[in-house]
Protein chains: 2
Amino acid sequence: MEHQHVTALKEAGMKATPKRLAILEALNGLSCYASPEELWKQLRARFDRLGLPTVYRNLEELAESGVITKVIHPNRQLYYYFCHNRDHHHHFVCLSCRKVEDVPSCGIEAMAEVVQQQSGGRVLSHILQLNGVCGSCLRSGAPQ
Amino acid sequence: MEHQHVTALKEAGMKATPKRLAILEALNGLSCYASPEELWKQLRARFDRLGLPTVYRNLEELAESGVITKVIHPNRQLYYYFCHNRDHHHHFVCLSCRKVEDVPSCGIEAMAEVVQQQSGGRVLSHILQLNGVCGSCLRSGAPQ
DNA sequence: TCCTAAATAGAAATGAATTCGTTTTAGAAT
DNA sequence: ATTCTAAAACGAATTCATTTCTATTTAGGA
Ligand SMILES: [Zn+2]
Ligand SMILES: [Zn+2]
Ligand SMILES: [Zn+2]
Ligand SMILES: [Zn+2]
């Protein structure tokens with residue numbers, strides 16, 4: 001379980017440093033998205049020295065290499081999520097409790113084709129994210 | 001053409017102030033997204049006094065009321081775009097020249113249904129945006 | 001014309017995110 | 001095991017887009 005993270009890092013061409021692994025493990029233990037500062041506060045206890053910039057840098061690098069996912073949030077802060085689903089899919093994120101659910105498929109390929117036909121443009125990336133309140137939050141009457 | 005902006009503002013429950021109208025007109029004259037500061041610099045020439053916070057506030061209110069659209073950008077800065085298409089649709093935004101193209105339709109309704117079935121969650125909003133380089137940028141060899 | 005809630009000015013503050021020069025370290029090579 | 005080097009981490013300082021705050025002005029209805 002830890003070694004699979006080492007492997008994932010190696011495959012992404014990144015050194016498997018203790019702090020990098022700890023960040024991955026911390027994210028792995030959550031079913032919701034987390035902010036760099038939250039992860040930093042959590043991990044600080046396990047390292048005598050751990051800089052907040054290190055957490056920012058690693059999260060960005062991990063997202064860049066596709067190991068983790070960046071969550072787009074209305075408050076415009078950075079959040080990250082570790083999803084094991086390697087198929088192309090998207091996320092429903094709860095704005096109340098931060099839970100993340102997978103939503104399979106999307107019609108991006110067809111839409112990219114529309115752009116290609118329309119203007120000859122090239123789609124480099126896409127953002128498809130559903131925001132809302134998850135079932136358990138709704139049932140518990142949590143604030144939105 | 002100016003009066004239609006007055007009407008749009010009234011319908012959104014907003015006072016039709018000169019500065020608000022000027023912001024709308026400035027955005028209306030562009031086929032691409034713009035930042036608050038860019039609009040401020042452009043409009044400063046036409047008003048002896050115009051605060052940058054006023055531009056920020058108005059753009060946010062206009063986006064909130066649905067008159068204009070917010071663009072999600074990888075550099076995490078705020079950009080806005082004035083689109084006249086009132087049907088539900090999404091945007092392909094060029095990361096090079098900032099041009100915006102409409103992309104009709106999306107399968108959000110079906111995906112919202114998946115979320116409903118999966119966990120009983122409620123989808124409050126969604127983000128669907130295609131990022132890339134438009135046809136004319138590609139042909140001109142513009143930097144990405 | 002008067003009134004009032006809404007809008008604006010503009011300096012100041014905010015704070016998430018990043019920079020930078022130094023120090024440490026992972027992991028390959030010997 | 002030891003050496004070496006590019007990558008990683010430190011962390012104080014900085015950045016700068018965005019927001020806050022109080023005083024002032026104004027749009028639009030009465
Ligand atoms: Zn929830
Ligand atoms: Zn997922
Ligand atoms: Zn372009
Ligand atoms: Zn549009």
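A, B, ... follow the sequence lines: proteins, then strands. Residue 1 opens every chain.
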> Between which nucleotides of DNA chain C, read 5' to 3', does contact with chain A run, using atoms under 4.0 Å from its heavy atoms?
dA16(C) to dG27(C)
> Kindly state whether the ring of Tyr81(A) and the ring of Tyr33(A) have centres lying under 6.0 angstrom apart.
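No.
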> Using a 4.5 Å cut-off on heavy atoms from C-beta on, say whether the side chain of Gln42(B) contacts that of Glu37(B).
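Contact flag for Glu37(B)/Gln42(B) side chains = no.
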> For the helix from dT1(C)-dA30(D) to dT30(C)-dA1(D), measure the angle between the helix axis at one end and the axis at the other, each built from five pairs, rounding to 10°.
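The end axes of the helix from dT1(C)-dA30(D) to dT30(C)-dA1(D) are about 40° apart, to the nearest 10°.
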> Only counting residues at least two apart or in another chain, list the ones meeting salt bridge (charged side-chain N to carboxylate O under 4.0 Å, His left out) with Glu61(B).
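Listed in chain order: Arg20(B).
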> Please collect all ring pair (Phe, Tyr, Trp, His ring centres under 6.0 Å) contacts where either partner lies in residues 107-132 of chain B, sequence neighbours excluded, each pair once.
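Matches after skipping sequence neighbours: His88(B)-His126(B), His90(B)-His126(B).
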> Any residue in residues 63-83 of chain B with a heavy atom nearer than 4.0 angstrom to DNA chain D? Just list them by number, or reply none.
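Going residue by residue through residues 63-83 of chain B, the ones with a heavy atom under 4.0 Å of DNA chain D turn out to be Gln77(B), Leu78(B).
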> Base, sugar-phosphate, or nothing: which does Arg20(A) touch, judged by heavy atoms less than 4.0 Å apart?
sugar-phosphate
> For DNA chain C, which residues in residues 45-53 of chain A have a heavy atom at a distance below 4.0 Å?
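The stretch gives Pro53(A) as the residues lying under 4.0 Å from the strand, ordered by number.
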> Does anything in residues 80-99 of chain B pair up under salt bridge (Lys or Arg N to Asp or Glu O under 4.0 Å), and if so which pairs, sequence neighbours excluded?
Glu38(B)-Arg98(B)
> Starting from Ile72(A) and following side-chain heavy-atom contacts under 4.5 Å between hydrophobic residues (I, L, V, M, F, W, Y), which residues can be reached?
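Its cluster partners, ordered by chain and number, are Ile127(A), Ile72(B), Ile127(B).
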> Is any side-chain nitrogen or oxygen of Tyr56(B) closer than 4.0 Å to OP1 or OP2 of dT19(D)?
no
> Check whether Leu9(A) and Leu59(A) end up in the same hydrophobic cluster, where Ile, Leu, Val, Met, Phe, Trp and Tyr are linked by side-chain heavy atoms less than 4.5 Å apart.
yes
> Write out all pairs satisfying ring pair (Phe, Tyr, Trp, His ring centres under 6.0 Å) with one or both partners inside residues 42-70 of chain A, taking only residues at least two apart or from two chains.
none
> Below 30° counts as parallel, above 60° as perpendicular, anything between as tilted: where do the rings of His84(B) and Phe82(B) land?
parallel
> Under the side chain to side chain donor-acceptor pair (under 3.5 Å) rule, what pairs show up with a residue in residues 43-54 of chain A, not counting sequence neighbours?
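Residue pairs with at least one partner in residues 43-54 of chain A: Thr54(A)-Arg57(A).
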> Does a side-chain N or O from Asn58(A) land closer than 4.0 Å to OP1 or OP2 of dA9(D), or not?
yes
> Dump the pairs, protein N or O against N or O of nucleotides 26-29 of chain D, anything under 3.5 Å, distances to one decimal.
from, atom 1, to, atom 2, distance (Å)
dA27(D), N3, Lys15(B), NZ, 3.3
dG28(D), OP1, Ala16(B), N, 2.8

> For a quick test of reading the model: is some side-chain N or O of Arg57(A) closer than 4.0 Å to OP1 or OP2 of dA8(D)?
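For Arg57(A), the contact criterion (side-chain N or O under 4.0 Å from OP1 or OP2 of dA8(D)) is not met.
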> Tell me every residue that passes salt bridge (charged side-chain N to carboxylate O under 4.0 Å, His left out) with Lys19(B), counting only those two or more places apart in sequence or in another chain.
none
> Go through the steps for Gln129(B) and Val93(B) under the test side-chain contact (heavy atoms from CB on, under 4.5 Å), then give the verdict.
CA-CA 8 Å; Gln129(B) 183 180 293; Val93(B) 302; 3.5 Å; yes
